[in-house]
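Heavy-atom basis, side chains included; hydrogens, waters and symmetry copies ignored. Order of the sequence lines fixes the chain letters, A, B, ..., with proteins taken first and strands second; residue numbering starts at 1 for each chain. Predicted model, so just to flag it, every value in this text is computed and none were measured.
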Amino acid sequence: MTNKVLMQGNLVIGEAAIRSGCRFYAGYPITPQNEITEYMAENTARVEGGVFIQSESEIAAINMIAGASATGARVMTSSSGPGISLKQEGISSMAACELPGVIVNIMRGGPGLGNILPAQGDYFQATRGGGHGDYRTIVLAPGCAQELADLTMDAFDLADKYRTPVILLADGMMGQMMEPVVFRKPKPREYRTEFSITGAGEGKSKFIKGLILPAGDMEAHNWKLFRKYEEITRKETRAVCEINPDDQAVIVAYGTASRIAKGAIKRLKDQGISVGLFRPTTLWPFPAAELLRVVRGGTKKVLVFEMSTGQMLEDVRLAVQGVAEIDFYGRPGGTVPPPVELANVIARRLTDKKRVFNHFE
Amino acid sequence: MLNKAIFSGFGGQGVLMMGYSLSHGAVKEGLNVTFLPSYGAEMRGGTANCTVCISDEEIASPITSTPDFLIVMNIPSLYVFQNRVARGGIIFMNSSIVNVEPVRKDVAVKKVDCVGIAEKFGDARMANVAMMGKFLRETGVVSPDSYLQGLAELLGKKKKGILEANANVFNAAFNG
């Protein structure tokens, strides 16, 4: 007997949020994340003072959580690509106003309405800000149900700690798949409520605003945010390394793609080809220094594998700085290739002497 | 040990329930498990399938191009999935409905009169549990006790009344 429970990924996110003390959730339905909204509807009442709202739109949802966050509550919204696009104005505003909040994106095929199958095409949107202005969002990338639980809890802690919106970036497969999980005890909340608007009183007036008209003041605010982002980059960058000294190459992949990569690595091992895995669990800040250390340590070939046409690839190039050859394999649009396909691609690219490694197929 | 199975049939045959209950049984034994349902745009009466991976090691990919076991509850599922079964694998067929032969000659075929067994205990809707009995008898992926424990948990208090009938169907197929 174990204390593990078998749960669908979307429900794991919901349960982890409830256990973290998420007091306000607003969301609008979209596949493949509907179960999060469903779960929050049923369970938000378990949190003292918990409120669930099925909003009239995604835009309403993000602005509702911004408002609830301003009062000091732990807040979350969730959606998939098309809905996350709609939320960008609100996310930018939350970054400007330094409002903590968790935004879950269960990615599906895009652009446009695309389809409802798992994809990783929202990497740029998540890591490059997505909305307007000079800001960043912390982006967490879970690779299994257990990490969905752990990183959802971490997302609330990080959002509070840095007073910034945090994006949990997973895909339809992570959301729909069931795996056993154990929920850890959440950390007690440490949040300075002196910024929160908690009702009329004797104290000084408080302002939470993103409209700062004088150039000097806005510049100062931008630098303040920048220093915060620098601190996050210094302290919160995470990656999981599974590297061996005799690796002929290292695969860089996150989320579902990293699962497929693991399967491919096992198959390649049976063929006598040793390949390592570098799996970022924060996509912003990207673990650039860690990856550079890996390639400086001897792995001279890097293969980026994504369920997109190549987005994280750009961060890998920036990180590797020309120290190693970089190759790419991608399947966008909701296609989830089996491990054998990736294994074949890697084997072919490593053994074909005529083919230059850093060329796309 | 890594076992990968695809369960497939019409929506309503309890195909997802088969995979779900097996996954529960695996958790009972402390095994690693992934359960991946198909969630594409399907119509009512359309096809349903799910992939279950069970291992005592970490499970890399929850999808499989070559399942060890294929469970088909209707004919279309046989046509869709039979070519994917690993060489030497097993195809389990619900012979109450599936009255065609697989084209594969390099796999074992087990036929189960799922509806017949279920009806003996009063309800054809338990056909999926009959299949699970045969499946676990042949594969031993999890023990029958763990499976029935998992099933009891799934049915919960609400459906406690039907647990006994389901357990009878399961045991009849397992021992039959």
Side-chain angles (χ1 to χ4, degrees), chain A residues 1-10 31-35 106 108-109 115-118 143-146 171-182 242 251 253 256-269 277 279 307 331 334-344, chain B residues 1-2 4 6-7 16-42 48-67 81 83-87 142-143 145-147 149-154 156:
Chain A
M1 287 293 282
T2 58
N3 55 351
K4 286 182 175 180
V5 285
L6 185 68
M7 264 179 116
Q8 188 199 43
N10 283 334
T31 306
Q33 64 82 53
N34 284 319
E35 294 83 1
I106 304 296
R108 59 189 232 172
N115 61 25
I116 60 172
L117 300 166
C144 59
Q146 187 58 54
D171 57 69
M173 181 123 106
M174 293 268 95
Q176 294 296 321
M177 181 173 65
M178 283 188 195
E179 274 185 306
V181 287
V182 180
E242 290 166 27
I251 305 177
T256 290
S258 71
R259 299 287 290 260
I260 298 160
K262 278 185 188 177
I265 287 167
K266 272 187 189 166
R267 282 170 181 270
L268 287 165
K269 204 177 170 191
L277 176 67
R279 179 167 74 88
M307 279 144 60
R331 294 298 304 267
T335 307
V336 185
V340 60
E341 178 180 322
L342 182 63
N344 288 343
Chain B
M1 178 219 52
L2 173 66
K4 295 193 171 197
I6 292 180
F7 295 85
L16 297 187
M17 186 66 178
M18 291 163 84
Y20 190 32
S21 55
L22 174 64
S23 305
H24 261 270
V27 172
K28 288 264 163 262
E29 297 198 352
L31 296 165
N32 287 319
V33 58
T34 63
F35 168 80
L36 185 68
S38 63
Y39 70 97
E42 306 279 13
N49 73 77
C50 63
T51 306
V52 178
C53 303
I54 295 175
S55 178
D56 47 7
E57 290 169 33
E58 182 192 358
I59 297 167
S61 168
I63 57 162
T64 174
S65 46
T66 51
F81 291 112
N83 285 331
R84 282 170 56 176
V85 180
R87 196 170 299 144
V142 303
S143 75
D145 286 349
S146 304
Y147 177 77
Q149 268 180 36
L151 190 66
E153 223 165 74
L154 272 183

Checking heavy atoms, do the side chain of A:Ser258, its backbone, both or neither come under 4.5 Å from chain B?
-> neither

With sequence neighbours excluded, residues passing salt bridge (Lys or Arg N to Asp or Glu O under 4.0 Å) with A:Arg259 | A:Glu179

Highest number of heavy-atom pairs under 4.5 Å with chain B among A:Gly9, A:Gly172, A:Ala145 belongs to A:Gly172

Partner chain A: residue of B:Val52, B:Thr34, B:Asn32 with the largest heavy-atom pair count (under 4.5 Å) | B:Thr34

A:Leu6 side chain near B:Lys28 side chain, heavy-atom distance below 4.5 Å = no

Taking all atoms of both residues into account, what is the closest heavy-atom pair of B:Ile63 and A:Pro338, and its distance?
-> CD1-CA, 3.8 Å

Which heavy atom of A:Val340 sits nearest a heavy atom of B:Ser65, and at what distance?
-> CG1-OG, 3.3 Å

Heavy-atom closest contact (B:Ala60 atom, A:Gly263 atom, distance) = CB-N, 3.3 Å

Distance in Å, A:Met7 CE paired with B:Phe35 CZ, rounded so as to fall on 0.5 Å steps | 14.5 Å

Does some side-chain heavy atom of A:Met173 sit less than 4.5 Å from a side-chain heavy atom of B:Pro62?
-> yes

What part of B:Thr51 is in contact with chain A, defined as an atom under 4.5 angstrom from a non-hydrogen atom: side chain, backbone, both or neither?
-> neither

Between CD1 on residue A:Ile265 and OG on residue B:Ser61, distance to nearest 0.5 Å | 12.0 Å

Between A:Arg267 and chain B, which part of the residue has a heavy atom less than 4.5 Å away: side chain, backbone, both or neither?
-> side chain

Does the side chain of A:Met178 reach to within under 4.5 Å of the side chain of B:Tyr20, using non-hydrogen atoms?
-> yes

Separation between SG (B:Cys53) and CE (A:Met177), nearest 0.5 Å, reads 9.0 Å

Considering all heavy atoms of both residues, which atom of A:Lys266 and which atom of B:Glu57 are nearest to each other, and what is their separation?
-> NZ-OE1, 4.5 Å

